Amino acid sequence: MAVGKEIRTKISSIGSTQKITSAMEMVAASKMRKAQDRMQAGKPYAQHIRSVASHIALSNSEVQHAYMEQREIKRVGYIIVSSDRGLCGGLNINTFKAAIRSMKEWSDQGVEVDLALIGGKAQGFFNSVGGNVIASTRDLGDAPHIEDLIGAVKTMLDAYDEQRLDRIYLVSNKFVNTMTQQPEVEQILPLPPAEDEAMQKAHWDYIYEPDDANELLTELLGRFIESQVYQAVVENLACEQAARMIAMKNATENAGDLIEELQLIYNKARQAAITQELSEIVSGAAAVS
Amino acid sequence: MAMTVHCDIVSAEEEIFSGLVEVVSATGTSGELGIYPGHSPLLTKLVPGPVRITLAGGEQQIFYASGGFLEVQSRTVSILADTAVRADDVDEAAALEAQKLAEQELAQKSSDVNYTKAAAQLAEAAAQLRTVQEIRKKMR
């Protein structure tokens with residue numbers, strides 16, 4: 001029977017799409033768990049080195065390290081973390097929106113903006129939108145290594161050292177829970193001082209060993225920035241998998257709804273064809289007799 | 001009860017230890033350090049070696065850190081290790097093997113790049129062995 005051939009093909013093609021999306025959902029769910037573990041494992045180190053760095057920023061030190069000194073702002077840098085692959089809902093677009101909003105505030109004041117991009121999606125986006133990209137890295141995989149990020153981070157730090165940049169921001173997604181990911185713009189250089197009042201009032205300084213504090217601080221703060229960027233990348237990965245899981249879940253559900261609707265239309269069309277045929281036979285028989 | 005200070009030992013991969021301790025001793029770039037409660041703020045780099053802590057009860061624990069940073073604040077001591085493990089987990093056989101390998105490479109002195117790398121590996125393996133031996137001593 002030739003009735004509703006197009007509808008049947010449509011239904012089966014949606015059916016195979018649904019199979020793909022539901023498989024992707026399951027893959028994302030298992031990858032998300034691993035990414036979350038990785039994120040949790042790195043958290044204590046990132047938090048401790050952050051608190052040490054903010055202590056350093058609060059200390060009444062004789063040495064003024066370049067990473068702590070607030071300069072007049074002529075040019076700012078953004079490190080933007082995105083995913084390598086798509087099909088993860090509005091995750092990347094939300095990050096880029098947050099970044100662009102913050103960048104616009106600076107460009108309204110006549111400050112120029114440089115970008116370091118992590119992840120393929122950011123490259124694609126800022127290539128078409130435009131922006132002064134000075135470093136980028138991509139294809140980090142599911143288990144990113146610090147070594148893969150060092151290049152991009154180093155470019156930014158060097159630019160900061162040579163006073164080509166006066167402030168550096170890090171834009172990435174924060175993992176709130178599986179349903180919610182929050183894009184955030186964070187200042188990483190110069191070090192934002194901690195809001196610990198007791199410490200601000202007290203007049204104290206570290207004993208540095210070896211005595212050359214500058215060298216020690218350069219190394220420690222370099223490590224701090226790397227760890228912050230690494231943590232952001234790992235967290236963004238967990239966000240990506242969570243967002244993909246939700247997006248694919250919705251896609252699977254939508255495909256189910258669509259199939260149901262089409263099935264109804266198909267059944268109706270088939271029934272109508274049968275009824276019509278019957279009435280034709282009956283009226284034909286009536287005409288003969 | 002003896003005075004205690006809060007100590008955190010974290011490595012890039014995980015949190016190794018967190019709790020109240022009486023003494024922390026570690027090896028900094030300028031020598032051995034023993035930190036008691038009330039120490040003035042201090043910041044130093046660590047060289048590969050054992051980190052010993054004495055818990056509030058007097059029990060001793062030994063960890064191995066392959067370098068990193070040590071920060072002392074009035075109420076906390078933080079050790080940010082590159083990699084750290086509980087000393088019980090240090091594999092003595094593997095450390096010995098690594099030491100032998102590094103010594104061989106050093107003896108050959110094939111190229112300068114390898115030389116510095118081998119020297120670093122040797123120092124690390126030796127530090128791991130020191131940690132293991134220290135535990136042995138304690139158990140006797």
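Given the structure is predicted, the values throughout are model-derived calculations rather than measurements. In what follows, chains carry the letters A, B, and so on, assigned in the order in which the sequence lines appear, proteins first and then strands, with residues in each chain numbered from 1.
A 4.5 Å side-chain heavy-atom check between B/Glu15 and A/Tyr45 finds every atom pair outside the cut-off. Side-chain contact between B/Leu43 and A/Ile207 is absent, with no heavy-atom pair separated by less than 4.5 Å.
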Run the numbers on B/Lys45 and A/Tyr208 for side-chain contact (heavy atoms from CB on, under 4.5 Å), then give the verdict.
-> CA-CA 9 Å; B/Lys45 232 187 121 189; A/Tyr208 294 101; over 6 Å; no
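Contacts with chain B (heavy atom to heavy atom, under 4.5 Å) involve no residue of residues 228-239 of chain A.
Heavy atoms of B/Ser11 lying under 4.5 Å from chain A belong exclusively to its backbone. Neither the backbone nor the side chain of B/Leu70 has a heavy atom closer than 4.5 Å to any heavy atom of chain A. Neither the backbone nor the side chain of A/Arg38 comes within contact range of chain B; no heavy atoms are under 4.5 Å apart. At a 4.5 Å heavy-atom cutoff, A/Gln47 makes no contact with chain B through either its backbone or its side chain.
Remark: A/Glu215 CD is loosely packed, at most 12 non-hydrogen atoms of other residues, nucleotides or ligands lying under 6.0 Å away. Atom NZ of A/Lys154 has 12 or fewer heavy atoms from other residues, nucleotides or ligands within 6.0 Å. Around atom CZ of A/Arg85, no more than 12 heavy atoms belonging to other residues, nucleotides or ligands sit under 6.0 Å away. B/Phe17 CZ: more than 12 foreign heavy atoms inside a 6.0 Å radius.
Taking CD from B/Glu71 and OG from A/Ser51, the interatomic distance works out to 6.0 Å, rounded to the nearest 0.5 Å.
Smallest separation of non-hydrogen atoms from B/Phe69 and A/Leu216: CE2-CD1, 4.1 Å.
Counting heavy-atom pairs under 4.5 Å between each of B/Thr76, B/Asp82, B/Val72 and chain A puts B/Asp82 at the top. Contact count versus chain A (heavy atoms, under 4.5 Å) is highest, among B/Ser78, B/Ala81, B/Gly28, B/Ser40, for B/Ala81.
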